[in-house]
Student: 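Structure in structure tokens, see below.
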Protein chains: 2
Amino acid sequence: MKDLLTQFDFQSNLLFENLSESENQAVQNVMEPLTIKKGTMLFFEGGIPTGIFQIKQGKAKKFKRSFSGDEQIFYIYTQEDVLGYHALLGQERYQDSCEALEDLKVNFIAKDDFLKLLKEIPALQQTLIKNIGHEFGVLANIIAVLAQKNQNARLALFLLLLEYRFNRNSQTVKGIDLTRDDLANLIGTSQESLGRSLKQFKELGCIETDKRNIYIKDPKQLEQLLQTKI
Amino acid sequence: MKDLLTQFDFQSNLLFENLSESENQAVQNVMEPLTIKKGTMLFFEGGIPTGIFQIKQGKAKKFKRSFSGDEQIFYIYTQEDVLGYHALLGQERYQDSCEALEDLKVNFIAKDDFLKLLKEIPALQQTLIKNIGHEFGVLANIIAVLAQKNQNARLALFLLLLEYRFNRNSQTVKGIDLTRDDLANLIGTSQESLGRSLKQFKELGCIETDKRNIYIKDPKQLEQLLQTKI
DNA sequence: TTAAATATATAACATTTGTTATATATTTGT
DNA sequence: ACAAATATATAACAAATGTTATATATTTAA
């Protein structure tokens with residue numbers, strides 16, 4: 001199961017792992033702690049890259065608007081994730097937008113500092129390029145799921161994935177805390193239709209909800225649901 | 001319109017453009033012409049990279065199998081496109097598979113030769129990384145379309161896109177020549193359901209078919225169809 | 001704290017898509 | 001050129017999803 005979930009996980013929380021003590025110190029030295037208010041854009045499609053972010057607390061959504069203007073979320077970043085490096089590496093503009101879903105605490109590394117780090121730490125550049133390759137595979141997997149799976153299977157997968165990603169560093173049970181709108185935009189359905197699926201899941205006993213929080217009660221059953229062939 | 005279509009085009013036919021004469025010669029020198037039979041895998045998910053390919057004639061599909069085993073095509077390469085460089089850059093295994101849809105003529109560049117070229121031609125490395133960023137955006141756009149658009153809109157978009165990509169170097173009208181199965185796996189539906197949409201499009205007069213070939217008769221009308229909000 | 005704004009839940013109905021089945025056309029291998 | 005295999009077309013029905021509408025809960029801002 002965990003193996004399946006990593007196919008949908010950018011693993012961008014691991015970028016600064018496996019550095020030597022001195023390399024790590026060099027990274028820490030150029031990190032600037034920032035707080036960012038809920039609803040603020042960290043960056044937006046077409047904008048010029050300023051640097052990269054590591055989230056220390058809170059969540060942010062990465063999305064694109066389709067040509068008809070609808071928002072499509074394709075990733076939700078959380079604690080320890082690093083983001084914003086694609087455009088920087090390629091010296092181009094942002095391909096997508098990123099917005100804080102909650103008040104955030106982040107560490108920011110300015111563009112020039114980061115490019116200098118990449119020169120000084122070849123292993124970091126290598127890790128980054130590897131990771132971009134991995135992320136490419138993640139997007140391809142998401143395409144497969146959206147194209148082939150029905151709504152309940154997609155919901156089951158994303159619930160398992162979000163639970164895994166949001167709460168892996170946490171002891172306490174926190175559940176999945178997203179607006180219905182964001183969750184619908186992530187799995188590719190309407191809010192009303194999502195509500196119907198959630199109701200079914202509740203009746204089956206896989207999940208419980210409290211306010212907008214979703215708690216997974218029976219992961220095994222969700223795994224069954226995501227096997228559904230279309 | 002063309003602007004919209006480039007959002008769904010990897011533009012991997014442009015990788016060796018903008019090289020100096022001597023750089024171009026260096027590239028040509030390490031290219032090995034090969035013919036590849038229809039149905040052959042150029043590479044497959046999990047395999048170790050051997051080199052990169054530039055297609056000189058024919059088409060190839062890039063796909064992934066979802067965890068339930070279904071094939072999801074996410075790109076179709078055609079004349080002049082270069083492919084296979086992701087895994088090579090990141091020194092990792094292939095994230096996806098690629099199969100010849102017709103007998104192919106390709107130029108192959110072996111892994112070591114290509115890595116040497118990248119060192120010798122910094123502009124090429126830069127172009128490559130930039131392009132990977134662009135491809136990332138393309139996948140995100142595909143995700144948005146698959147998640148938000150209904151089948152007719154998806155079909156309209158992909159027909160316009162395939163026509164644009166397959167026939168931009170050609171004077172003669174060649175149409176879109178894919179099996180119904182491949183086209184269905186590209187737009188994320190079943191073959192039968194695709195057939196129904198094609199029939200509707202024929203009745204509307206947007207397209208005509210001859211054998212499996214699809215000819216676009218009224219691109220404007222297809223553009224209307226793809227505006228459909230879900 | 002309260003009123004207004006926003007978010008969520010749910011139902012009924014319309015539309016789209018999946019599924020199964022069968023017939024016909026086309027391609028492939030001998 | 002022929003038979004067998006494969007691909008395509010189509011219809012009828014079932015299931016899933018979109019859409020509209022309304023009610024209730026929760027959050028936000030004065």
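The figures here come from the full heavy-atom set of this structure, side chains too, leaving out hydrogens, waters and symmetry mates. Residue numbers begin at 1 in each chain, while the letters A, B, ... track the order of the sequences.
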Student: Just verifying a value: how many Å separate B:K174 NZ and B:N213 CG, rounded to the nearest 0.5 Å?
Tutor: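 Those atoms lie 10.0 Å apart.
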
Student: In terms of side-chain heavy atoms of A:S190, which of D:dT19, D:dT8, C:dG18 is nearest?
Tutor: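 So the side chain of A:S190 is nearest to D:dT19.
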
Student: Among the candidates C:dT17, D:dT10, D:dT17, find the nucleotide nearest to the side-chain atoms of B:S193.
Tutor: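 Ranking C:dT17, D:dT10, D:dT17 by closest atom to the B:S193 side chain puts C:dT17 first.
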
Student: Taking atom types as modelled, find out whether A:Y77 and A:N13 have a side-chain donor-acceptor pair closer than 3.5 angstrom.
Tutor: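 Result is no, nothing qualifies.
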
Student: Examine the side chains of B:D181 and B:T179 and answer whether a donor and an acceptor come within less than 3.5 Å of each other.
Tutor: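 Distance-only check fails for B:D181 and B:T179.
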
Student: Choose from D:dT10, C:dG18, D:dA9 the nucleotide whose nearest atom is closest to any side-chain atom of B:K199.
Tutor: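 Looking only at heavy atoms from C-beta outward on B:K199, the closest nucleotide is D:dT10.
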
Student: Check the distance between C:dA7's P and A:D210's CG and give it to me in whole angstrom.
Tutor: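 Roughly 18 Å, once rounded to whole Å.
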
Student: Look at the rings of B:F136 and A:H86 and say which category their plane angle falls in: under 30° parallel, 30 to 60° tilted, over 60° perpendicular.
Tutor: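 Ring orientation, 0 to 90° scale: tilted.
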
Student: Go nucleotide by nucleotide along DNA chain D from the 5' end; which of A:E192 and B:Q191 gets its closest nucleotide reached first?
Tutor: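 Of the two residues, B:Q191 wins.
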
Student: Between C:dT16, D:dT17, C:dG18, spot the one nearest the side chain of B:N150, thanks.
Tutor: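 Comparing C:dT16, D:dT17, C:dG18 against the side chain of B:N150, the answer is C:dT16.
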
Student: On DNA chain C, check which nucleotide each of A:R196 and A:K202 is closest to and give me the residue with the more 5' one.
Tutor: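 Counting from the 5' end, the first nearest nucleotide belongs to A:K202.
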
Student: How long is the line joining CG of B:D182 and P of D:dT6, in whole Å?
Tutor: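 After rounding, the gap between these two atoms is 16 Å.
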
Student: With distance as the sole criterion, is a donor-acceptor pair present between the side chains of A:S68 and B:Q148 under 3.5 Å?
Tutor: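 No, because no side-chain N or O of A:S68 sits under 3.5 Å from a partner of the opposite role on B:Q148.
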
Student: Tell me: CD of A:Q148 to P of D:dA16, nearest whole Å?
Tutor: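 In whole Å, D:dA16 P lies 18 Å from A:Q148 CD.
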
Student: Relative to the 5' end of DNA chain D, which residue comes earlier, A:K211 or A:Q151, by the nucleotide with the nearest heavy atom?
Tutor: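 Mapping each residue to its closest nucleotide by heavy atoms, the 5'-most match is A:Q151.
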
Student: Kindly point out which of D:dA11, D:dT8, D:dG18 is positioned nearest to the side chain of B:R212?
Tutor: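 It is D:dT8.
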
Student: Grab the CG-P distance between B:L178 and D:dT6 for me, whole Å please.
Tutor: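 Distance check: B:L178 CG to D:dT6 P gives 20 Å.
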
Student: Check the distance between C:dA9's C1' and A:I214's CD1 and give it to me in whole angstrom.
Tutor: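 Result: 13 Å.
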
Student: From the list D:dA21, C:dT27, D:dA9, which nucleotide is the closest neighbour of the side chain of B:R180?
Tutor: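 Among the listed nucleotides, the one closest to the side chain of B:R180 is D:dA9.
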
Student: I need the CG-P distance between B:L198 and C:dA25, as an integer number of Å.
Tutor: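 These atoms are roughly 18 Å apart.
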
Student: Over how many whole Å does the gap from A:I207 atom CD1 to C:dA9 atom C1' extend?
Tutor: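 Rounded to the whole Å, the gap is 13 Å.
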
Student: Return the value, rounded to whole Å, for the distance between atom CG of B:D181 and atom C1' of C:dT27.
Tutor: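 Between C1' of C:dT27 and CG of B:D181: 15 Å.
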
